[in-house]
Amino acid sequence: MNNFELYVPTKLVFGEGEIKKLESLVPKDKKVLMLYGGGSIKKNGIYEQVTEALKDHTVVEFGGIEANPEYQTLLKALEVIKNENIEFMLAVGGGSVIDGTKFLSSAALYEGDNPWDILAKRIRTYVGLPFGTVLTLPATGSEMNSGSVISRKETKEKLGMGGPGLFPQFSICDPTVIRTLPQRQIANGVADAYTHVMEQYMTYPANAFLQDRISEGILQTLIEIAPKVLADPNDYVAASNFMWSCTMALNGYIQKGVPTDWSVHMIAHELTAHYGIDHARTLAIILPSAYTKKFEQKKEKLAQYAERVFNITEGSVEDKAKAAIQKTEEFFQSLGIKTKLSEYTDEYQGFGAKVAESLTAHGMTKLGEHRDITPEVAAEIVEMAY
Ligand code: NZQ
Ligand code: ZN
């Protein structure tokens, strides 16, 4: 196991009916900006629960943060923060609203002229404007981590940012929020969380027994609950296990002491930036070809995953490893997610080269746990996913 430091200061408040605790979690002496998305919270009762809990607070609202939070929209929110002297933010939404709020947390205290530099120059944030979250969509783990991904349509860029100053102070995770999620978003949530585990687990053996077992446990739990949450989002047992699995997949614990990959995400972000394909779906497109391309380096761990998660015990290491990739692709397909780029767009010819260009422009020239996925290799991975 590698040496590590663990710092996860977010207070997680989990369970049905817990949104009312906002009343005491949000500081009463601070002016609050409540941020949300395109309006789903106004149709499913979450907005009412939040405003009821905050009726004695001073709250300004900012709605309209899109899926794949858009830089231009966030600049408008930044103006509100400055004009209204906002001291605390509350994100009510999925990964997009929470990520947008993290960007604002950083940008509000940023002293440079151009807040885009936080993303373009990968400036880490050590102190941000404090914020909490009410999670409405289990998927990203953003409710308990310090990362954020922001999109900019005009330049077709999608870039990450983060730093120890960007953990939510608290997050309320009420599993009943999934009742109103469209099937597409439930499927996305499962696939995203699943891939988060894979990015931190599917590398090479590192003698981190507990991290491996926790990762395999999250994967097995996601496989177990996926058909249940898709069939009946009112199933509280399935919903609560779904939500906690998504949080645990990316709250920092399973990445400690082990090598991590993240190349699937970095390459897949280009597909959202160029085609607007949902984040989770881009992962399902890229993951199978990434693992096929890096088969030699990953085969030992793939075989372990085949045995422990899918109970595939017959055959050589190579046989098991190949079966594992196929089983993973089939799992995504079982969620109703298509796993080839050509199933989403007709305009895919030449896209591999574009991805290579974009990764080079953003300095992402050495991806993967061995830092050997160059832009050229990334282009091949994309081409294998056509
Ligand atoms: O905008 P509204 O109207 O609220 O509708 C949203 C949105 O259209 C809807 N929704 C959310 N909760 C709902 C609901 N509809 C009905 N009932 C509810 N309870 O769902 C749609 C998608 O929401 P979004 O927040 O975009 O989804 P998700 O949570 O999957 O977030 C995706 C974003 O997170 C980033 C992705 O790149 C993408 O931009 N990621 C963030 C990460 C992180 N911070 O750690 C890691 C991930 O790998 C990922 O990159
Ligand atoms: Zn993801």
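Starting from 1, each residue takes its place in the sequence as its number. As the structure lists them, so they are numbered: ligands from 1, and atoms in each ligand from 1.
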Residues Lys21 and Glu18 bridged, charged N to O under 4.0 Å: yes
Ligand 1 contact on Glu66 by region, counting heavy-atom pairs under 4.0 Å: neither
Nearest neighbour of atom 37 (O) of ligand 1 from the list Met144, Lys158, His269, on a heavy-atom basis: Lys158
Parallel, tilted or perpendicular, as decided by the 30° and 60° cut-offs, for the rings of Trp244 and Phe14: perpendicular
Close N or O approach (Gly147, ligand 1; < 3.5 Å): yes
Atom indices of ligand 1, in the order listed, that fall short of 4.0 Å to a heavy atom of Val177: 19 (N)
Atoms of ligand 1 close to Asn44 [distance to a heavy atom under 4.0 angstrom, numbered from 1]: 17 (N), 18 (C), 19 (N)
Nearest-neighbour protein heavy atom for atom 23 (O) of ligand 1, which is reported as residue plus atom name and distance: Leu137 CD1, 3.4 Å
Heavy-atom neighbours of Glu154 CD exceed 12 at 6.0 Å: yes
NZ (Lys340) with more than 12 external heavy atoms under 6.0 Å: yes
Atom indices of ligand 1, in the order listed, that fall short of 4.0 Å to a heavy atom of Gly37: 1 (O)
Ring-face cation of Lys102 near Phe131 (centre distance under 6.0 Å, axis angle within 45°): no
Nearest-neighbour protein heavy atom for atom 33 (C) of ligand 1, which is reported as residue plus atom name and distance: Ser96 OG, 3.5 Å
Side-chain H-bond candidate by donor/acceptor type, Glu369 with Gln297, under 3.5 Å: no
Numbering as shown, the atoms of ligand 1 that approach His196 to under 4.0 Å (heavy-atom distance): 46 (C), 47 (C), 48 (O)
Geometric class of the Tyr47/Tyr36 ring pair [parallel <30°, tilted 30-60°, perpendicular >60°]: perpendicular
For atom 45 (O) of ligand 1, the protein heavy atom that lies nearest, with its residue and separation: Asn145 ND2, 2.9 Å
Atom indices of ligand 1, in the order listed, that fall short of 4.0 Å to a heavy atom of Ala67: 26 (O)
Residue Lys153 excluded, over 12 heavy atoms near NZ under 6.0 Å: no
Close N or O approach (Gly39, ligand 1; < 3.5 Å): yes
Atom indices of ligand 1 within 4.0 angstrom of His265 heavy atoms, with elements: 48 (O)
Contact check: Gly38 vs ligand 1, nitrogen or oxygen atoms, below 3.5 angstrom: yes
Contact partition for Ile178 relative to ligand 1, non-hydrogen atoms under 4.0 Å: neither
Atom 8 (O) of ligand 1 touched by protein heavy atom at under 4.0 Å: no
Atom 5 (O) of ligand 1 [closest protein heavy-atom partner, distance rounded to 0.1 Å]: Ser40 OG, 3.7 Å
More than 12 heavy atoms of other groups within 6.0 Å of Arg179 CZ: yes
Subset of ligand 1 atoms that lie under 4.0 Å from at least one heavy atom of Thr180: 16 (C), 17 (N), 18 (C), 19 (N)
Option with minimal heavy-atom separation from atom 39 (O) of ligand 1, where the choices are Ile186, Asn68, Asp192, Val264: Asn68
Residue part near ligand 1, for Lys43, under 4.0 Å between non-hydrogen atoms: neither
Atom indices of ligand 1, in the order listed, that fall short of 4.0 Å to a heavy atom of Leu250: 45 (O), 46 (C)
Enclosure of Glu347 CD (heavy-atom neighbours >12, cutoff 6.0 Å): no
Considering only N, O or S atoms of Asp192, the one closest to the Zn ion (ligand 2): OD1
Sidechain N-carboxylate O distance under 4.0 Å for Lys354, Glu270: no
Closest to atom 43 (C) of ligand 1 (judged by heavy-atom distance), picking from Asp174, Ile65, Asp99: Asp99
Taking atom 28 (P) of ligand 1 as the reference point, the nearest protein heavy atom with its distance: Gly95 N, 3.7 Å
Aromatic ring pairing His269/His279, orientation class (parallel under 30°, perpendicular over 60°, tilted between): tilted
Ring centre gap for Tyr7 and Phe167 strictly below 6.0 Å: yes
Working for side-chain contact (heavy atoms from CB on, under 4.5 Å), residues Leu283 and Phe332: CA-CA 10 Å; Leu283 304 172; Phe332 292 142; 5.8 Å; no
Nearest neighbour in protein (non-hydrogen) for atom 13 (C) of ligand 1: Leu181 CD2, 3.3 Å
Ligand 1-proximal atoms of Ile41, by part, heavy-atom distance under 4.0 Å: neither
Salt bridge Glu79-Lys82, side-chain N to carboxylate O under 4.0 Å: no
Parallel, tilted or perpendicular: ring planes of Phe170 versus Phe88, cut at 30 and 60 degrees: parallel
Mode of Asp278 contact toward ligand 1 - side chain, backbone, both, neither (heavy atoms, under 4.0 Å): neither
Protein non-hydrogen atom below 4.0 angstrom of atom 49 (C) of ligand 1 present: yes
N/O separation below 3.5 Å, Pro69 to ligand 1: no
Heavy atom of the protein closest to atom 12 (N) of ligand 1 (residue, atom name, distance): Thr136 OG1, 2.8 Å
Angle, NE2 of His279 through the Zn ion (ligand 2) to NE2 of His196 - 10° precision: 170°
Residue and atom name of the nearest protein heavy atom (relative to atom 21 (C) of ligand 1), distance in Å to one decimal: Gln185 NE2, 3.4 Å
N or O pair under 3.5 Å between Val149 and ligand 1: no
Asp261/Lys298 ion pair, N-O < 4.0 Å: yes
Gln326 atom CD, neighbour heavy-atom count above 12 within 6.0 Å: no
Result of checking Val8, Asn251, Leu166 against Ser146 for side-chain contact (heavy atoms from CB on, under 4.5 Å): Leu166
